[in-house]
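Notes follow once the structure below has been shown.
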Amino acid sequence: MRRQAPRGTQDVLPAQAHLWRHLEGAFEKTMSLFGYGEIRTPTFEEYELFARTSGETSDIVSKEMYDFMDKGGRHVALRPEGTAPVMRAYIEHSLGEAGLPLRLWYCAPMFRYGRPQKGRLREHHQVGLELIGSSSPYAEAEVAQAVVAFYTALGIEGLEVRLNCIGRQESRARYGEALLRHLSGWLAHQEPEAQASAEKNPMRLWDSKSPEVQEALRGAPRLSDYLEPESADHFEAVCGALDEAEVEYVLDPGIVRGLDYYTDTVFEVQSSALGAQSSLCGGGRYDGLIGALGGKDAPSVGVGMGLERALLAMEEAGSKPVPDELEYYLIAASAEAWPRVRRAARQLRAAGVSCQFDLEERPLKSQFKAANRARAAFAAIWGSDELASGTVTVKDLKSGVQAVRPESELFS
RNA sequence: GCGGUUGUAGCUCAGGGGUUAGAGCGCCUGACUGUGGCUCAGGAGGUCGUGGGUUCGAGACCCAUCAGCCGCCCCA
């Protein structure tokens with residue numbers, strides 16, 4: 001038996017758990033501000049769902065899927081991303097019949113089988129939203145504003161929204177050919193692996209961190225020159241909508257995204273706090289996805305935001321985990337007071353007041369130390385004097401001020 | 001998946017072939033017979049990541065393996 005969490009997974013310990021609740025609470029609040037409804041989908045889906053939507057040649061499908069055969073011989077996969085399952089549910093339950101656009105959010109674990117490092121896990125958690133059924137540039141603007149609102153609520157600063165337009169499937173294919181033609185001389189003396197990767201998805205070269213690759217791309221054809229007029233017009237309108245919404249952004253041809261279903265607009269939010277895994281979130285427009293899954297086509301925009309990375313960015317910003325507080329720590333100052341302490345605990349809890357006491361009946365000093373550790377606001381102390389007079393000594397543990405009061409006041 | 005690096009107490013780390021493996025912080029007890037944070041004294045706590053190997057002798061050296069971290073690939 002291994003006594004370690006599986007590779008690339010993490011336990012969330014009590015000291016950290018309240019931060020997670022804070023994160024999830026902030027997102028839910030943001031979503032209610034924008035009028036989105038929650039959707040929960042299964043942790044695993046049919047393998048084909050992801051293979052078809054993300055693309056067989058995408059890295060997520062070709063090397064990062066957590067897939068297996070179940071006991072019934074079905075090929076299933078732990079969810080690597082949030083959009084495809086939501087779209088499957090949207091089609092399965094005809095959610096579009098209630099009228100479009102439809103606004104949905106989710107919060108769920110995601111699984112990708114890669115080599116872990118800081119900010120990259122095999123199981124991580126994402127919150128995300130999908131705005132289904134709008135081709136308006138204001139759809140992108142709304143999603144971007146929701147993202148910014150969420151991070152702002154968390155106190156994460158130094159954000160950079162990076163925006164790009166990758167056009168439609170056809171223009172991307174034409175551009176890829178042109179790019180490969182331009183780079184064929186350079187590519188000829190690259191590693192076979194790099195060649196294969198470039199041929200699979202030439203655009204991905206723009207995303208490379210290698211200075212050598214960036215150098216080779218100098219003077220290469222630009223994707224923006226290959227866009228359909230509608231794509232170019234739409235992108236301009238999106239930029240205008242973002243300007244109007246006062247969302248700051250930078251245009252970045254390096255944002256190309258690894259999933260096949262994106263069309264036109266793609267974006268990421270990056271933070272300098274994260275090292276090599278600099279993306280806090282990623283998303284974009286996917287106008288053909290629902291149709292590809294056999295539904296009635298509906299142009300849509302969505303985004304997924306990594307919670308672990310948000311947490312890292314918050315730590316960088318100085319947010320510290322603080323354990324939950326307790327109202328009273330009940331203390332027995334003499335041995336005969338223990339039954340009174342335990343009865344008081346029952347009374348207080350019945351009245352909805354949080355409290356704790358020492359199960360081991362340890363010395364007074366230990367009880368006070370435990371009270372500090374439990375972050376109790378007050379200590380309530382019973383000794384022989386209090387028992388005799390029906391009183392209790394209440395001590396404010398921050399100021400150290402204490403007073404003897406009738407017991408009845410404690411329970412009112 | 002590729003390249004590198006690290007793993008010794010709850011935490012941060014020292015020990016780099018030679019008796020019973022150490023420190024600081026934290027934890028427990030006492031000084032303090034009814035009062036926490038400070039001080040002092042004592043105490044508990046270790047499969048030296050795991051499995052092999054080399055050696056008279058391994059925490060240390062070698063191999064494998066597991067896990068973390070850094071970079072790449074990719075992304076949340």
Side-chain angles (χ1 to χ4, degrees), chain A residues 1-10 13 15 54 58-64 79-83 107-128 147 191 193-194 196-198 200-201 204-205 207-210 212-213 255-259 266 268-271 274-283 303-313 329 331-337 360 362-376 378-387 393-402 404:
Chain A
M1 243 276 284
R2 297 173 17 172
R3 339 166 281 170
Q4 267 176 321
R7 184 167 208 205
T9 66
Q10 278 182 341
L13 304 178
S54 298
S58 70
D59 279 59
I60 284 184
V61 170
S62 62
K63 47 186 253 204
E64 292 184 344
R79 166 183 49 211
E81 62 96 25
T83 299
C107 172
M110 304 289 165
F111 305 85
R112 290 181 202 173
Y113 194 93
R115 185 142 153 186
Q117 63 190 74
K118 189 172 190 176
R120 187 179 56 194
L121 299 161
R122 286 185 177 175
E123 180 187 30
H124 75 283
H125 299 79
Q126 280 183 32
V127 293
V147 167
E191 308 269 327
E193 202 184 315
S197 157
K200 222 165 61 180
N201 189 345
R204 195 71 61 70
L205 287 166
D207 198 18
S208 172
K209 287 173 189 161
S210 153
E212 204 190 325
V213 175
I255 302 296
V256 294
R257 310 293 303 154
L259 303 170
V266 292
E268 290 182 13
V269 173
Q270 305 195 343
S271 158
L274 269 48
Q277 272 63 49
S278 57
S279 293
L280 277 173
C281 77
V303 65
M305 298 174 259
L307 292 184
E308 281 84 356
R309 288 187 187 178
L311 222 44
L312 287 173
Y329 198 91
I331 286 179
S334 60
E336 71 269 25
E360 263 59 52
R362 287 182 302 171
L364 190 62
K365 179 166 179 158
S366 301
Q367 296 182 59
F368 270 99
K369 288 182 99 167
N372 288 334
R373 212 176 307 131
R375 302 184 63 79
F378 299 97
I381 307 154
W382 281 270
S384 34
D385 295 349
E386 286 88 347
L387 288 182
T393 298
V394 174
K395 179 170 185 174
D396 183 323
L397 289 170
K398 281 201 182 70
S399 65
V401 176
Q402 68 179 39
V404 180

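Residue numbers begin at 1 in each chain, while the letters A, B, ... track the order of the sequences.
Within the 4.0 Å cut-off from OP1 or OP2 of B:C28, not a single side-chain nitrogen or oxygen of A:S366 is found. For B:A76, one of the phosphate oxygens OP1 or OP2 lies less than 4.0 angstrom from a side-chain nitrogen or oxygen of A:R257.
Between the base of B:G68 and the side chain of A:Q4 there is no donor-acceptor pair shorter than 3.5 Å.
In this structure, A:E123 reaches neither bases nor backbone, as no heavy-atom distance under 4.0 Å exists between it and the strands shown. Among the protein residues, A:G8 comes within range of the sugar-phosphate backbone only, with heavy atoms under 4.0 Å from sugar or phosphate atoms but none that close to a base. The residue A:Q402 sits close to a base: some heavy atom pair falls under 4.0 Å.
A:L205 CG to A:S197 OG: the interatomic distance, rounded to the nearest 0.5 Å, is 6.5 Å.
For A:Q126, counting side-chain heavy atoms from C-beta on, the closest listed nucleotide (B:A76, B:G1, B:C28) is B:A76. Closest to the A:R120 side chain, of the nucleotides B:C69, B:G34, B:C73, is B:C73. Side chain of A:R373, nearest nucleotide from B:C27, B:C74, B:A76: B:C27. Listed nucleotides B:C70, B:A76, B:C75 differ in distance to A:R204; the shortest reach to its side chain belongs to B:C75. With distances taken from any side-chain atom of A:R115 to the nucleotides B:U29, B:C70, B:U35, the minimum falls on B:C70.
At least one side-chain heavy atom of A:L312 sits less than 4.5 Å from a side-chain heavy atom of A:K118. Contact annotation: the side chain of A:N372 never approaches that of A:Y329 to less than 4.5 Å [non-hydrogen atoms, C-beta and beyond]. Side chains of A:V127 and A:L307 form a contact here, defined as non-hydrogen atoms less than 4.5 Å apart. Looking only at side-chain heavy atoms (C-beta outward), A:C107 and A:H125 stay at 4.5 Å or farther from each other. Considering only heavy atoms from C-beta on, A:H124 stays 4.5 Å or farther from A:Q10 through its side chain.
Residues A:L121 and A:T393 both approach RNA chain B. Their nearest nucleotides, taken by heavy-atom distance, put A:T393 toward the 5′ side.
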Annotated structure of RNA chain B as dot-bracket, pair cut-off 3.5 Å, Watson-Crick or G-U only, | for inter-strand, is (((((((..((((....[...)))).(((((.......))))).....(((((..]....))))))))))))....
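Base orientation at B:G71 is anti, since its O4'-C1' glycosidic dihedral falls outside 90° of 0.
For the C1' atoms, the distance linking B:C70 with B:U8 amounts to 22 Å, nearest Å. Taking atom C1' on both nucleotides, B:A21 is separated from B:A14 by 11 Å, rounded to a whole Å. For B:C48 and B:G7, the P atoms lie 15 Å apart once the distance is rounded to whole Å. With C1' as the reference atom, B:A44 and B:C27 are 8 Å apart, rounded to whole Å.
Taking every heavy atom of residues 378-385 of chain A and every atom of RNA chain B, pairs under 4.0 Å involve A:I381, A:G383, A:S384, A:D385, by number.
In this structure, A:Q270 places its CD atom 14 Å from P of B:C74, rounding to the nearest Å. The distance from atom CZ of A:R362 to atom P of B:G30 is 10 Å, rounded to the nearest whole Å.
Residue A:R112 is tested with A:R79, A:E123, A:E81, A:K63 for a side chain to side chain contact (heavy atoms under 4.5 Å, CB included); the sole match is A:E81.
The backbone N or O of A:S279 sits less than 3.5 Å from a side-chain atom of A:R309, completing a donor-acceptor pair.
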Could you run down the sub-3.5 Å N/O contacts of the protein with nucleotides 36-41 of chain B?
| from | atom 1 | to | atom 2 | distance (Å) |
| --- | --- | --- | --- | --- |
| B:G36 | O2' | A:N372 | ND2 | 2.7 |
| B:G36 | N7 | A:K395 | NZ | 3.1 |
| B:G36 | N1 | A:L397 | O | 2.4 |
| B:G36 | N2 | A:N372 | OD1 | 2.5 |
| B:G36 | N2 | A:L397 | O | 2.8 |
| B:G36 | N3 | A:N372 | OD1 | 2.7 |
| B:G36 | N3 | A:N372 | ND2 | 3.1 |

